[in-house]
Amino acid sequence: MDTGSYPMWEQYRLKREHYIIGLMSGTSLDGTDAALVRILTDDSGGIEKISLMDFVCIPFSYELREVMIRLCSPETARVDDLTKAHFGISEWYAHSVMKLIRSAGIPPGQVDAISMHGQTIWHSPVATAFPGPEGSLEVASTLQIGESAVVRERTGLPVIGNLRARDMAAGGEGAPLTPYADALMFRSLKEGRLVQNIGGIGNVTVLPAASSHEGISAFDTGPGNMVMDAIVRKATNGRQHYDPDGSIAAKGKPDQSLVEMYLEDDYFKRIPPKSTGREVYGAAYAEHLMEMAAARSLSLEDTLATATCLTVETIVRAVEDFVLPNVPISAMLACGGGTSNATLMKMIQGRLPEGIRLERTADYGIPDDAREAIGFALLGHEALMGRTNTLPAVTGAKHAVISGTLTL
């Protein structure tokens with residue numbers, strides 16, 4: 001992008017047509033997602049139209065997935081491996097960007113910037129003690145790896161990264177972030193809607209009818225695909241990483257008493273705002289569930305059906321406990337990898353309260369698996385426009401911030 005006599009961000013704000021790439025990999029550890037988004041703005045700089053121009057997903061190799069799984073556990077993570085992965089996964093991100101640009105058939109110079117979330121390794125939003133300069137401190141923390149300088153060097157494009165950190169510095173949980181973008185894409189003047197993402201972790205955005213950004217809420221509902229995937233991976237010795245279409249779980253029967261036992265987890269009772277991650281619902285959690293299932297002589301099919309039912313109950317009960325008492329809702333728009341699990345979706349449909357229809361973001365022009373990458377593109381755009389891109393009511397921060405670090 002030719003910045004002329006203006007700094008890059010000033011030049012960006014003078015334009016009315018913007019091309020920005022949203023780039024991320026999620027807690028499911030299945031691959032990188034890259035979305036090329038065209039944003040039209042009005043004379044005052046407000047968003048007028050959002051269009052998805054192209055989208056690519058690059059699946060992680062078996063070797064990379066195994067590296068990432070080890071890094072997400074304190075028992076198996078090593079600082080030398082973490083440092084190498086911080087740079088190494090950036091090569092995957094850069095490759096995804098260049099493949100997306102080729103697929104879209106546009107010159108790289110037409111792209112204004114990349115907005116990169118990176119790969120979450122550890123998310124610890126509940127503050128714990130840390131030695132400070134004047135005594136003990138309470139510190140919340142998060143780590144997303146992916147070196148933006150590598151992506152900048154390989155692609156030639158400015159990169160906005162580190163999108164969670166400033167919200168946490170302002171007292172927030174740094175998650176979920178995409179509800180800001182959900183409001184831009186999905187809110188309705190006539191009805192209340194939920195945007196339910198089912199990635200490794202599940203999270204829900206609550207969009208009351210005719211809501212402003214101040215009226216939006218969101219929180220992590222608990223495990224999405226993460227526990228189901230870990231069970232498949234363990235049971236098959238790594239030959240499979242997920243339950244295709246939910247076909248294994250479809251042959252089993254959930255153990256409802258075991259589901260109820262796991263629903264006693266304090267997280268599900270916490271009042272939002274709240275967030276969680278692999279550090280809570282990762283491999284150790286899945287192994288414990290498998291041990292409990294084995295003690296009850298459950299088959300793999302029954303165990304997976306139980307894990308699937310657990311995800312469903314965490315989603316639906318979160319809506320019943322924390323949303324419906326305050327906001328009338330007409331539709332749940334599902335997105336993320338979980339939408340390809342037919343058994344999971346059927347269970348959700350059967351458990352949703354009467355009057356709430358189950359749809360998908362794809363029904364509204366946003367592919368289920370592209371919503372988060374598009375969301376991060378919008379967050380990067382807002383930062384470049386000089387506007388706050390976080391929601392304190394969602395994250396619990398003291399105030400809204402312009403979140404992101406720019407690598408020129």
Side-chain angles (χ1 to χ4, degrees), residues 16-18 20 22 35 37-53 176-198 202-221 272-273 315-316 318-336 339 345 348-349 352-383 385-397 399-400:
R16 292 293 170 264
E17 181 183 49
H18 309 83
I20 188 162
V37 181
R38 178 176 178 254
I39 303 170
L40 300 181
T41 57
D42 57 28
D43 290 341
S44 65
I47 293 179
E48 205 168 55
K49 186 178 181 182
I50 301 164
S51 304
L52 175 63
M53 306 306 293
L177 287 184
T178 50
Y180 184 100
D182 286 336
L184 296 174
M185 293 185 283
F186 302 116
R187 64 183 163 192
S188 165
L189 292 174
K190 298 179 180 180
E191 64 178 14
R193 292 174 177 171
L194 304 172
V195 181
Q196 178 67 54
N197 179 57
I198 313 172
N203 51 70
V204 65
T205 301
V206 184
L207 302 172
S211 56
S212 65
H213 272 113
E214 288 71 29
I216 295 164
S217 61
F219 56 95
D220 287 351
T221 52
I315 289 171
V316 175
V319 172
E320 292 174 333
D321 293 345
F322 303 120
V323 179
L324 294 183
N326 305 307
V327 182
I329 296 296
S330 299
M332 173 182 281
L333 283 56
C335 56
T339 60
M345 293 292 283
I348 293 174
Q349 178 72 75
L352 276 179
E354 187 177 352
I356 300 179
R357 63 186 189 274
L358 180 62
E359 299 177 328
R360 295 163 63 156
T361 60
D363 300 327
Y364 294 78
I366 303 296
D368 300 342
D369 52 355
R371 167 256 184 186
E372 282 193 291
I374 296 170
F376 286 118
L378 294 174
L379 294 182
H381 167 79
E382 293 291 88
M385 295 298 287
R387 291 193 285 262
T388 57
N389 56 0
T390 62
L391 299 174
V394 168
T395 66
H399 54 85

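Residue numbers count from 1 along this sequence.
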Subject >> Audit row: V204, I315, side-chain contact (heavy atoms from CB on, under 4.5 Å) steps and yes/no >> reply: CA-CA 8 Å; V204 65; I315 289 171; over 6 Å; no
Original post:
side-chain contact (heavy atoms from CB on, under 4.5 Å) between F376 and L177: does it pass, once the steps are laid out?
Top reply: CA-CA 8 Å; F376 286 118; L177 287 184; 4.2 Å; yes
**OP:** With side-chain contact (heavy atoms from CB on, under 4.5 Å) as the test, would you mind laying out the steps for I374 and I366 before giving the verdict?
**Re:** CA-CA 8 Å; I374 296 170; I366 303 296; 3.7 Å; yes
**OP:** Evaluate the side-chain contact (heavy atoms from CB on, under 4.5 Å) criterion for residues N389 and H381: first the C-alpha distance (whole Å), next the side-chain angles of each, then the deciding distance (0.1 Å), finally the verdict.
**Re:** CA-CA 9 Å; N389 56 0; H381 167 79; over 6 Å; no
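With contacts defined as side-chain heavy-atom distances shorter than 4.5 Å, the pair V206/L194 qualifies. Side-chain contact check for S188 versus L207: every heavy-atom pair is 4.5 Å or farther apart. Counting heavy atoms from C-beta outward, I47 and R387 have side chains that approach closer than 4.5 Å. Inter-residue side-chain proximity for I348 and L358 is flagged as met; some heavy-atom pair is nearer than 4.5 Å.
Heavy atoms only, all atoms of each residue included: L324 and P353 are closest at CD1-CG, 3.7 Å. Listed here is the closest heavy atom pair of T221 and A318: CG2-CB, 3.8 Å. For the pair S44 and D42, the tightest heavy-atom approach, listed with the atom from each and the gap, is OG-OD1, 2.8 Å. Considering every non-hydrogen atom in both L391 and I216, the closest pair reads CD1-CG2, 4.1 Å. Taking all atoms of both residues into account, the shortest heavy-atom contact from A377 to V37 is CB-CG2, 3.8 Å. For the pair N197 and G336, the tightest heavy-atom approach, listed with the atom from each and the gap, is OD1-CA, 3.5 Å.
Checking H18, E48, K49 one by one against T41, the side chain to side chain contact (heavy atoms under 4.5 Å, CB included) holds for a single residue, H18. Each of T361, D363, L333 was scored for a side chain to side chain contact (heavy atoms under 4.5 Å, CB included) with D368, with one residue passing: T361.
E17 contributes no side-chain N or O that, together with a main-chain N or O of I39, makes up a donor-acceptor pair within less than 3.5 Å. At least one donor-acceptor pair closer than 3.5 Å links the side chain of R193 to the backbone N or O of F186. In this structure, R357 contributes its side chain and M332 its backbone to no donor-acceptor pair below 3.5 Å. Of the possible polar contacts, none joining the Y364 side chain to the M185 backbone as a donor-acceptor pair under 3.5 Å is found.
Atom-to-atom distance recorded for L379:CG and E372:CD is 10.5 Å, nearest 0.5 angstrom. Rounding to the nearest 0.5 Å gives a distance of 9.5 Å between CG of D182 and CG of L378. One distance of note links SG of C335 with CG of N203; it measures 7.5 Å at 0.5 Å rounding.
Not counting sequence neighbours, D43 has no partner by the side chain to side chain donor-acceptor pair (under 3.5 Å) test.
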